[in-house]
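Letters A, B, ... are given to chains in the order of the sequence lines, protein chains preceding strands, and every chain is numbered from 1.
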Number of protein chains: 2
Amino acid sequence: MAEEVKVFRSWGSPFSYRVELALRLKGVAYEYIEEDLSNKSTLLLEYNPVHKKVPVLLHHGKPIAESLVILEYIEETWQENPILPKDPRERAVVRFWSRFLDDKCSLALWMSCWTEGETQQNFMEQAKECLHLLEEELKGKKFFGGDSIGMVDIAASFIAHWLGVLEEVAGISLLDEEKYPNLCKWTEEFLKSDAVMECLPKRANLLAFFQARKHAISATKASV
Amino acid sequence: MAEEVKVFRSWGSPFSYRVELALRLKGVAYEYIEEDLSNKSTLLLEYNPVHKKVPVLLHHGKPIAESLVILEYIEETWQENPILPKDPRERAVVRFWSRFLDDKCSLALWMSCWTEGETQQNFMEQAKECLHLLEEELKGKKFFGGDSIGMVDIAASFIAHWLGVLEEVAGISLLDEEKYPNLCKWTEEFLKSDAVMECLPKRANLLAFFQARKHAISATKASV
């Protein structure tokens, strides 16, 4: 029986991207359903009534929400190309850093790019601390997962591809090559991978999207 | 070789309690190291340099931090009395609700009890919505884990034991028996379990602890 694998996604969302990348690494064919986040589909709201967000993975008609939860499901369902190690302690380390990326890092990086003044300075401090911790974690390794892309790498896609775009839009610099050489080398290696490139949103499109968003925010502020 | 299992905990912390409860359910003997959160030990800071928080599980001298990460480690290390189901989809559901408790529910419940005025009303609205979702999830089940205590029940210990104390200190009511009969019945069943009771902080002690905290906050406000 053919697998019925569908991903409810939004093309610019790094969280949707995590799910698509994991499926591609496993060689799992899937369909995607593009969501308009300003006008979410009835199906998305039905499948993720708690958070009402993308991504949602639909497998044999049953939905799973929350990107890190989906990644664990993908790992347990398709054994090809493991994205988690076998050893319980190493798995715990992977889960620790994946959660760190969600709970601390993403917010600090995102808010650094969308705030101003003192608030922005505070978020930038937090963001730099997060990047420093990730830099240390990468010491002596090609990927967070060692020699191959694992769950932490997938969870960190945001840093490899989205962050540079947002820095450009915001006119700030966070991922400095002198301060974070391991992270910059990791970004390069990560973006070279075939699976990564296959479904990555184009940089120019992301840039146009976030620039338009910035202009819209500025216009709203100016009219208040 | 004897297992060397140590838990860095704080007696009043529901997050520390999660780890102790999981170990007791598994029948794993452990030592605990009580942390003074106002003067954290060098070892705690060394073992959890990122978050600097309890709980930390030390197994054969190696530390693991973050309570939900520790619960997965405990499940993978000691097979007795599983706290996660075997089926990948059911496991995803467990992980979804465990994260929900951490990401949405705990904050809304906690802040409902420690804020005032409009801010408090907003948090109480969010908290009630969270309780409503959990109430629905419990429909037709004794525990979130079905017939026995599982990871979601452990993650929800806060609601069963701490919430009532905090409601009393704050002079508010959230866990209403008429609105949330399943959750109230669950609380009763959960607190009856031997493993749960063995290491639960005494209600009177928790009440005294949080009342003292409230008085300290009020005194600080009055002196400003």
Practice task
Answer yes or no: are there more than 12 heavy-atom neighbours, outside B:E46 itself, under 6.0 Å from its atom CD?
Solution key: yes
Practice task
Flag yes if more than 12 heavy atoms outside B:E34 fall under 6.0 Å of its CD atom; otherwise flag no.
Solution key: yes
Practice task
Pick whichever of B:S98, B:P88, B:A92 has the most heavy-atom pairs under 4.5 Å with chain A.
Solution key: B:P88
Completion exercise
For B:K104 and A:V50 the tightest heavy-atom approach is NZ-O, 4.2 Å
Completion exercise
Of B:R91, B:E66, B:H59, the largest count of non-hydrogen pairs under 4.5 angstrom with chain A goes to B:R91
Problem - A:L68 versus chain B, the contacting section by heavy-atom distance below 4.5 Å - result: side chain
Exercise for the section: Report, as yes or no, whether the 6.0 Å neighbourhood of atom OH on B:Y32 holds more than 12 heavy atoms from other residues, nucleotides or ligands. Expected result: no
Handout entry: Atom CG of B:D87: over 12 foreign heavy atoms under 6.0 Å
Key = yes
Practice task
List the steps and the verdict of side chain to side chain contact (heavy atoms under 4.5 Å, CB included) for A:I64 and B:F96.
Solution key: CA-CA 8 Å; A:I64 296 161; B:F96 176 88; over 6 Å; no
Fill in the blank from the handout: So, the part of A:R95 with a heavy atom under 4.5 Å from chain B: the answer is both
Practice task
Tell me, out of B:H51, B:K62, B:R89, B:E75, who's got the most heavy-atom pairs with chain A below 4.5 Å.
Solution key: B:R89
Problem - Neighbour count above 12 (heavy atom, 6.0 Å) for B:E129 CD - result: no
Handout entry: CD (A:E118) with more than 12 external heavy atoms under 6.0 Å
Key = no
